[in-house]
Amino acid sequence: MTAPSISTQTRKRIFLIRHARPMVSKKGYFNKAGARNYISDYDAAEVEQFVLEHEAIPYQEIRRVYCSTLVRSQLTARQIFGDEVELIVRHEFREFERRIFSLPLLRLPIRLWLVSARLLWMMGMNSKGIETFRQAKQRAREAATFLAQEAEHKPHVILVAHGLLNNFIRRYLQDLGWKSAIHEGSGFLSVVVLEKN
């Protein structure tokens, strides 16, 4: 039998997995207060039951998983990896914050509230009382550096977190020399794998 090549033996991998779908209804039209309540409900919601069987994930080798302080991240990690895996909950892995702006008389679909709020936030016009976009990007950069450092000591580093955060972490890991080996989707339970020899 041929021995594995050195590159295979020394390859490091970082997995970025987005959480499962929270069980919160998006149906109907929301006023400002309803949109704000939706965000609170979303952050506290249980996630749908699912099975994630991805051929790239070495399930039997995983002993610890990083996740955010938000419950959807932790519940997803438990469903994927089971109760025996140690969850490392860290504040810097929470999703970028959202703030519903003040349009008290309008009733809009929740998606329109969320997209508008996010775009205004990115433009620096909707961050009163929350983290700014610049601060959030810096946090994602620091999270990427942390994961890269962890990967120096472990062959597989797993983060179960959030869509926008994971996207920025991926970009910053690529800036650090990590290569995107798998990039499957941007929706719930999307999986991104980055590698470095």
Student: In terms of side-chain geometry, is the basic nitrogen of R139 or E131 positioned less than 4.0 Å from the acidic oxygen of its partner?
Tutor: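 Between E131 and R139 there is a salt bridge, with a charged N closer than 4.0 Å to a carboxylate O.
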Student: Quick one: do I39 and L106 end up in the same hydrophobic cluster if we chain Ile, Leu, Val, Met, Phe, Trp and Tyr together by side-chain heavy atoms under 4.5 Å apart?
Tutor: yes
Student: Can you confirm whether R36 sits close enough to F30 that some side-chain heavy atom of one is under 4.5 Å from a side-chain heavy atom of the other?
Tutor: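 Not touching, per the 4.5 Å side-chain cut-off.
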Student: Under 4.5 Å between any side-chain heavy atoms of P22 and R72, yes or no?
Tutor: yes
Student: May I have all residue pairs that pass ring pair (Phe, Tyr, Trp, His ring centres under 6.0 Å) and include part of residues 84-116, sequence neighbours excluded?
Tutor: F96-W121, F96-F168, F101-W113
Student: Does K137 make a cation-pi contact with F133, if we ask for NZ or CZ under 6.0 Å from the ring centre and within 45° of the axis?
Tutor: yes
Student: For T132 and Q135, indicate whether the former's side chain and the latter's backbone hold a donor-acceptor pair under 3.5 Å.
Tutor: yes
Student: Taking the six-membered ring of Y42 (Phe, Tyr or Trp), confirm whether the NZ or CZ of R98 is under 6.0 Å from its centre and within 45° of its axis.
Tutor: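 Checked: cation-pi criterion met.
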Student: Considering the options V157, L165, L147, I158, which one meets the side-chain contact (heavy atoms from CB on, under 4.5 Å) requirement together with L16?
Tutor: L147
Student: Under 3.5 Å, is there a donor-acceptor pair between the E95 and H19 side chains?
Tutor: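 Side-chain D/A pair, E95 to H19: absent.
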Student: Taking the side chain as everything from C-beta on, heavy atoms only, tell me whether V192 gets closer than 4.5 Å to I182.
Tutor: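 SC-SC contact between V192 and I182 ruled out.
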Student: More than 12 heavy atoms of other residues, nucleotides or ligands under 6.0 Å from CZ of R134: yes or no?
Tutor: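 Atom CZ in R134 is not packed in, count stays at 12 or less.
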Student: Main chain of L108, side chain of R111: is a donor-acceptor contact present, judged purely on distance under 3.5 Å?
Tutor: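 No; zero donor-acceptor contacts below 3.5 Å.
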Student: Give the cluster check for L164 versus I169: same hydrophobic cluster or not, with ILVMFWY residues linked at side-chain heavy-atom distances below 4.5 Å.
Tutor: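 Yes: a chain of side-chain contacts under 4.5 Å links L164 to I169.
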Student: Within a radius of less than 6.0 Å around CD of E53, do more than 12 heavy atoms belonging to other residues, nucleotides or ligands occur?
Tutor: no
Student: Kindly indicate whether the side chain of N197, heavy atoms from C-beta on, has any atom under 4.5 Å from the side chain of K12.
Tutor: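 Answer no - side chains too far apart.
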Student: Answer yes or no for R18 and F188: cation-pi contact, defined as NZ/CZ to six-membered ring centre under 6.0 Å and angle to ring axis within 45°.
Tutor: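 Verdict for F188: a cation-pi partner in R18.
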Student: Could you tell me whether R107 sits above the aromatic face of Y29, with NZ or CZ closer than 6.0 angstrom to the six-membered ring centre and within 45 degrees of the axis?
Tutor: no
Student: Going by heavy atoms in the side chains, are L173 and I14 under 4.5 Å from each other?
Tutor: yes
Student: Identify whether F81 and V191 are in the same connected component of the hydrophobic contact network (ILVMFWY, side-chain heavy atoms under 4.5 Å).
Tutor: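 Yes, same cluster.
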Student: Please report the closest heavy-atom contact between L87 and A77, naming both atoms and the distance.
Tutor: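 Looking at all heavy atoms of both residues, the shortest contact is CD2-CB, 3.7 Å.
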Student: Could you check whether any side-chain heavy atom of K128 comes within less than 4.5 Å of a side-chain heavy atom of R99, counting everything from C-beta outward?
Tutor: yes
Student: Give a yes or no on whether a salt bridge exists between E195 and R11, defined as a side-chain N under 4.0 angstrom from a carboxylate O.
Tutor: yes
Student: Would you confirm whether Q74, through its side chain, and T69, through its main-chain N or O, come within 3.5 Å as a donor-acceptor pair?
Tutor: yes
Student: Between the side chains of H162 and S68, is a donor N or O closer than 3.5 angstrom to an acceptor N or O?
Tutor: yes
Student: If Ile, Leu, Val, Met, Phe, Trp and Tyr residues are connected whenever their side-chain heavy atoms lie under 4.5 Å apart, and connections chain through other members, are M123 and I130 in the same group?
Tutor: no
Student: Would you mind reporting whether S73 and Y66 have side-chain heavy atoms less than 4.5 Å apart?
Tutor: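 Counting from C-beta outward, Y66 and S73 never come under 4.5 Å.
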Student: Do the non-hydrogen side-chain atoms of I57 and I17 ever get within less than 4.5 Å of each other?
Tutor: yes
Student: Under a 4.5 Å side-chain heavy-atom rule over Ile, Leu, Val, Met, Phe, Trp and Tyr, are M23 and L75 clustered together?
Tutor: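 They do not share one cluster, since no chain of ILVMFWY contacts under 4.5 Å joins M23 to L75.
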Student: With a 4.0 Å cut-off, would you call R21 and E48 a salt bridge?
Tutor: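 Salt bridge present between R21 and E48.
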Student: Would the number of heavy atoms belonging to other residues, nucleotides or ligands and lying under 6.0 Å from CD of Q174 be above 12?
Tutor: yes
